[in-house]
Amino acid sequence: MQRKTLGCALVALSLAVAGLHEARAQDKGTVNPKPLPPLANPNDPKLAAKELFGRKPEPAPLEARSIGFYAKGCLAGATALPINGKTWQVMRLSRNRNWGHPHLIKLLEQLAGKGVKVGWPGLLVGDISQARGGPMLTGHASHQVGLDADIWLTPMPDRELSREEREEMSATMVVAASRKDVDPKIWTPAHFSIIKTAAMEPEVERIFVNAAIKKAMCRQAGSDRSWLYKVRPMWGHDYHFHIRLRCPSDSPGCKPQEPPQHSDGCGHELDWWFTDAVLHPKPSPTPKRDHIKLADLPPACRQVLVAP
Ligand SMILES: [Zn+2]
């Protein structure tokens, strides 16, 4: 298949699954992203908000704040994670999703440094948020308020990745083919350590991982299990893990999520995830999801959108 054709097929595929699954780390990007065509009627109240937020490549020059809920909100005054740090590199640059609340950007930079001390050589950072947050044209229900970040389960190589590699490279599947545990040939103590290090950050409220990864974390945690409740089983999340910060104090319009229960979430609590019905679900017709419209978002998101 010609490369161009493949690219189109991938775009079509990612649009088909948009909103239903997390953007998977193995979804490829392109070094020559085409600008989106202008909207015929940007003021149409029926227009999906993702069409508007997806066309804002620059942050709103306002004071930094997260507005609304993780899956229904936006972001003012975003800062970008630089695409290269000593201990991190940003992947899929064509998506322009390396924007976040300044607290999250700072946390990622610090986590990248702490990771080195526990054996994880550096972070490959996937999607954070769009420049003004909001719903996205592909992937992710959440990641809208600049407090969510996907980290690849691939350790950073000891060199600067090329533009092509950042678009084309695949993240590492760490779950075994049985889906019941991690793959012992892939999973390392450093995988455990980077997830634990992230979970121990006070600002981190949740970390989403595949249930097989949660099972491994439970097994390896030892006696200090105080942080384990933050690591939550979730669909997918077998190529990357997902860091979610609590609402920052500077963002009164940020709608908090109920804090996770303080049980470590191990043992029988995981059984359901490994039942046959969950591991091998019967194919069902793809549910059509309602698109979030601008009027569905907090009113402040309109200001974020129209800011120069
Ligand atoms: Zn995510």
Side-chain angles (χ1 to χ4, degrees), residues 1-40 42 47-59 74-75 78-85 88-100 105 108 122-144 146 148-157 159-173 236-242 286 289 291-292 305:
M1 201 190 279
Q2 265 185 323
R3 189 149 153 203
K4 205 172 162 195
T5 323
L6 180 66
C8 291
L10 284 168
V11 168
L13 179 71
S14 61
L15 286 173
V17 300
L20 293 168
H21 301 284
E22 283 275 304
R24 292 156 306 164
Q26 72 273 31
D27 285 347
K28 292 179 171 51
T30 166
V31 282
N32 292 308
K34 298 215 166 51
L36 293 165
L39 292 167
L47 191 66
K50 62 186 177 183
E51 298 287 352
L52 300 164
F53 283 93
R55 283 174 171 77
K56 293 289 183 186
E58 299 290 335
C74 63
L75 172 65
T79 52
L81 180 66
I83 63 168
N84 289 312
W88 73 83
Q89 297 185 45
V90 175
M91 304 301 286
R92 304 293 191 257
L93 302 178
S94 61
R95 291 186 190 168
N96 190 31
R97 291 181 185 170
N98 55 323
W99 299 91
I105 301 305
L108 291 172
L123 303 180
L124 296 181
V125 181
D127 285 357
I128 308 175
S129 286
Q130 301 180 119
R132 300 187 188 198
M136 277 161 267
L137 284 161
T138 55
H140 306 298
S142 67
H143 290 256
Q144 294 191 23
D148 293 287
D150 288 341
I151 308 296
W152 284 29
L153 287 162
T154 310
M156 188 180 91
R159 63 189 172 83
E160 191 182 317
L161 294 169
S162 68
R163 274 301 313 271
E164 285 80 7
E165 285 173 309
R166 293 185 202 225
E167 302 294 347
E168 305 270 330
M169 210 177 116
S170 284
T172 313
M173 163 62 78
H237 294 85
D238 39 15
Y239 291 85
H240 72 269
F241 68 101
H242 176 139
T286 327
R289 212 173 57 163
H291 291 310
I292 297 175
L305 198 63

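What you are looking at is a predicted structure, and each value in this text was computed from that prediction instead of being measured.
One N or O on the side chain of Ser129 and one on the backbone of His143 form a donor-acceptor pair closer than 3.5 Å. The backbone N or O of Leu161 sits less than 3.5 Å from a side-chain atom of Gln89, completing a donor-acceptor pair. The closest donor-acceptor contact from the side chain of Thr154 to the backbone of Ala171 lies at 3.5 Å or more, if one exists at all. No donor-acceptor pair closer than 3.5 Å links the side chain of Gln130 to the backbone N or O of Asn96. When atom types are taken as modelled, the side chain of Arg92 and the backbone of Val125 share no donor-acceptor pair closer than 3.5 angstrom. The closest donor-acceptor contact from the side chain of Arg132 to the backbone of Phe53 lies at 3.5 Å or more, if one exists at all.
Taking the six-membered ring where the residue is Trp, His237 and His242 present tilted rings, their angle falling between 30° and 60°.
Side-chain contact between Lys28 and Glu168: present, with at least one pair of heavy atoms (C-beta onward) separated by less than 4.5 Å.
The two residues Gln144 and Asp148 make their nearest non-hydrogen contact at N-OD2, 4.5 Å. Taking both residues in full, the closest heavy atoms of Pro82 and Trp88 are given as O-NE1, 2.7 Å, listed atom of the first, atom of the second, then distance. In terms of heavy-atom proximity, Arg95 sits nearest to Asp27 at NH2-O, 3.2 Å.
Note that CG of Leu108 and CG of Leu123 are 7.0 Å apart. Values are rounded to the nearest 0.5 Å.
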